[in-house]
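These notes concern the structure reproduced below.
Chain letters run A, B, ... following the sequence lines, proteins first and then strands; every chain starts at 1.
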2 protein chains.
Amino acid sequence: MDALDILVKHDIKPSLQRLAVMEYMLTHFTHPTVDEIFSSLSPSIPTLSKTTIYNTLSLFEEQGVVLYLGIDKKNARFDGNTSHHAHFRCKNCNAIIDIFNQKPEDVVLEGHPELVIDDVQTYYTGYCKNCKK
Amino acid sequence: MDALDILVKHDIKPSLQRLAVMEYMLTHFTHPTVDEIFSSLSPSIPTLSKTTIYNTLSLFEEQGVVLYLGIDKKNARFDGNTSHHAHFRCKNCNAIIDIFNQKPEDVVLEGHPELVIDDVQTYYTGYCKNCKK
DNA sequence: AATAAAATTGTAATGATTACAAATGTAATT
DNA sequence: AATTACATTTGTAATCATTACAATTTTATT
Ligand SMILES: [Mn+2]
Ligand SMILES: [Mn+2]
Ligand SMILES: [Zn+2]
Ligand SMILES: [Zn+2]
């Protein structure tokens with residue numbers, strides 16, 4: 001399913017800018033920052049504004065087509081992969097790595113029937129292969 | 001174990017300000033923000049500076065006596081309870097609730113032997129008892 | 001008491017995010 | 001095709017939590 005399909009399916013009008021951002025998120029599962037997305041798209045869309053990136057990602061997040069990651073203290077990170085997975089951040093190089101082999105934590109719900117849980121994010125912190133030792 | 005014990009055990013010189021912050025964290029497991037801590041302590045320590053709160057919490061976090069929580073998009077949150085537990089944030093009232101009955105996720109390590117994992121934080125988002133429906 | 005080191009304080013700088021109004025683009029209507 | 005309404009984008013300015021830093025105060029050492 002390509003960028004256009006995803007946008008129309010979520011009732012998001014597929015403007016040039018929105019398509020570009022969606023396309024970027026579907027081809028870069030690097031959990032990019034706003035600046036990284038802007039810097040990458042800016043050359044091909046010379047009139048692009050950083051505000052549009054903020055607006056677009058905010059809209060995408062509301063509609064559930066991207067994930068907001070609060071794993072990085074400095075910048076917001078976004079993930080075009082909305083399937084259930086956790087994340088690891090290297091304290092040294094700040095890389096964010098997907099952790100797919102995680103057990104679903106829905107067992108937790110048992111203990112808190114009074115809470116309505118919409119989302120779960122698990123963030124690991126440590127050192128990646130290149131940075132350890 | 002009281003505030004003084006914890007500080008000396010972690011080689012943190014127990015100044016008046018540090019003791020006050022530590023004492024606050026041990027009696028308020030509400031995951032307070034810097035402002036909340038400052039506002040609460042400021043009356044009794046009139047010369048207190050907000051920078052000191054930042055410095056102190058940063059030192060405490062390095063020494064592992066408090067936990068930094070990145071669950072809140074706006075402000076940093078801190079937790080005087082460093083035992084393994086997850087957190088829930090209500091999208092409406094922004095309250096942060098402890099989730100204790102969680103299975104340890106160390107099973108995840110099996111799938112990523114190349115990573116050195118120092119810390120895990122799990123953040124749930126949704127609506128609390130008062131705010132749901 | 002004098003000196004050195006550590007901690008605190010106040011103020012200024014930083015920088016990511018948000019607010020907002022003007023400009024542009026798109027769709028509907030006559 | 002012109003007009004109007006509406007949605008989106010853009011640029012700039014404001015916000016505000018956090019950090020940097022130098023001056024001051026406190027504490028330890030000689
Ligand atoms: Mn991911
Ligand atoms: Mn807690
Ligand atoms: Zn690394
Ligand atoms: Zn609530």
Side-chain angles (χ1 to χ4, degrees), chain A residues 3-4 7-8 10-24 31-63 65-78 89 91 94 96, chain B residues 3-4 7-8 10-24 31-63 65-78 89 91 94 96:
Chain A
L4 180 61
L7 295 192
V8 296
H10 287 84
D11 294 314
I12 298 171
K13 211 166 287 181
S15 70
L16 176 75
Q17 292 85 344
R18 288 169 178 171
L19 274 170
V21 173
M22 191 71 245
E23 176 69 23
Y24 183 90
H31 317 96
T33 65
V34 166
D35 271 331
E36 285 167 352
I37 300 169
F38 176 78
S39 298
S40 176
L41 299 181
S42 186
S44 52
I45 308 176
T47 62
L48 188 62
S49 166
K50 201 174 284 184
T51 301
T52 298
I53 307 293
Y54 277 103
N55 291 341
T56 301
L57 290 170
S58 178
L59 175 67
F60 284 5
E61 197 211 343
E62 284 168 15
Q63 301 302 330
V65 302
V66 301
L67 235 50
Y68 169 89
L69 301 185
I71 197 176
D72 189 334
K73 213 179 283 201
K74 301 268 174 176
N75 309 333
R77 303 283 196 143
F78 295 89
R89 183 178 59 81
K91 289 179 189 173
N94 234 32
I96 292 175
Chain B
L4 181 61
L7 295 192
V8 298
H10 287 84
D11 294 315
I12 297 171
K13 211 165 287 181
S15 69
L16 175 74
Q17 292 84 346
R18 287 170 178 172
L19 274 170
V21 173
M22 190 71 245
E23 176 68 23
Y24 183 90
H31 318 96
T33 65
V34 167
D35 271 331
E36 286 167 351
I37 301 169
F38 176 78
S39 298
S40 176
L41 300 181
S42 187
S44 51
I45 309 176
T47 62
L48 187 63
S49 165
K50 201 173 283 185
T51 302
T52 298
I53 307 292
Y54 276 103
N55 292 340
T56 300
L57 290 170
S58 177
L59 175 67
F60 284 5
E61 196 211 343
E62 284 168 13
Q63 302 302 328
V65 303
V66 301
L67 236 49
Y68 169 90
L69 301 186
I71 197 176
D72 189 335
K73 214 179 278 202
K74 301 267 174 176
N75 309 337
R77 302 282 196 146
F78 295 88
R89 183 177 59 82
K91 288 179 189 173
N94 233 33
I96 294 175

Spacing of [X] atom [atom1] relative to [N] atom [atom2], expressed in whole Å:
X: Ile12(B); N: dT8(C); atom1: CD1; atom2: P; value: 11 Å
X: Arg18(B); N: dA6(C); atom1: CZ; atom2: P; value: 11 Å
X: Ile45(A); N: dT24(C); atom1: CD1; atom2: P; value: 18 Å
X: Phe38(A); N: dG15(C); atom1: CZ; atom2: C1'; value: 16 Å
X: Asp72(B); N: dT17(C); atom1: CG; atom2: P; value: 14 Å
X: Leu48(A); N: dT24(C); atom1: CG; atom2: P; value: 16 Å
X: Phe60(A); N: dT9(D); atom1: CZ; atom2: C1'; value: 14 Å
X: Asp11(A); N: dA7(D); atom1: CG; atom2: P; value: 14 Å

Under-4.0 Å side-chain N/O to phosphate OP1/OP2 contact, Ser15(A) with dT9(D):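 So the side chain of Ser15(A) is within the cut-off, an N or O lying under 4.0 Å from OP1 or OP2 of dT9(D).
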
N/O (side chain, Gln17(A)) to phosphate O (OP1/OP2, dG25(C)) under 4.0 Å: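 No.
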
Those residues that, when tested against Glu61(B), pass salt bridge (charged side-chain N to carboxylate O under 4.0 Å, His left out) (two or more places apart):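 Here the qualifying residues are Lys73(A).
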
Tabulate below the donor-acceptor pairs under 3.5 Å that side-chain atoms of residues 13-21 of chain B make, not counting sequence neighbours, or state none.
| residue | atom | partner | partner atom | Å |
| --- | --- | --- | --- | --- |
| Ser15(B) | OG | Arg18(B) | N | 3.2 |
| Arg18(B) | NH1 | Lys13(B) | O | 3.0 |

Counterpart residues, side chain to side chain donor-acceptor pair (under 3.5 Å), relative to Asp35(B) (two or more places apart): Lys50(B)

Chi angles and distances behind the side chain to side chain contact (heavy atoms under 4.5 Å, CB included) call for Ile37(A), Thr56(A): CA-CA 11 Å; Ile37(A) 300 169; Thr56(A) 301; over 6 Å; no

Phe38(A): partners by ring-ring contact (aromatic ring centres under 6.0 Å, His included), with sequence neighbours left out: none

With Phe78(A) via ring-ring contact (aromatic ring centres under 6.0 Å, His included) - residues at least two apart: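 Once residues adjacent in sequence are excluded, the partners of Phe78(A) under the ring-ring contact (aromatic ring centres under 6.0 Å, His included) criterion are Tyr68(A).
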
Touch class at under 4.0 angstrom, heavy-atom based, for Thr33(B) against every strand present: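 Nothing: the residue Thr33(B), judged by heavy atoms under 4.0 Å, touches no strand.
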
Leu48(B) vs Ile53(B), side chain to side chain contact (heavy atoms under 4.5 Å, CB included): CA-CA, chis, key distance, verdict: CA-CA 8 Å; Leu48(B) 187 63; Ile53(B) 307 292; 3.9 Å; yes

Where protein sits on nucleotides 17-29 of chain D, one letter per nucleotide: B base, S sugar-phosphate only, - none, heavy atoms under 4.0 Å: SBBB---------

Nearest-neighbour nucleotide for the Ser49(B) side chain, dT10(D), dT9(C), dT8(C) considered: dT9(C)

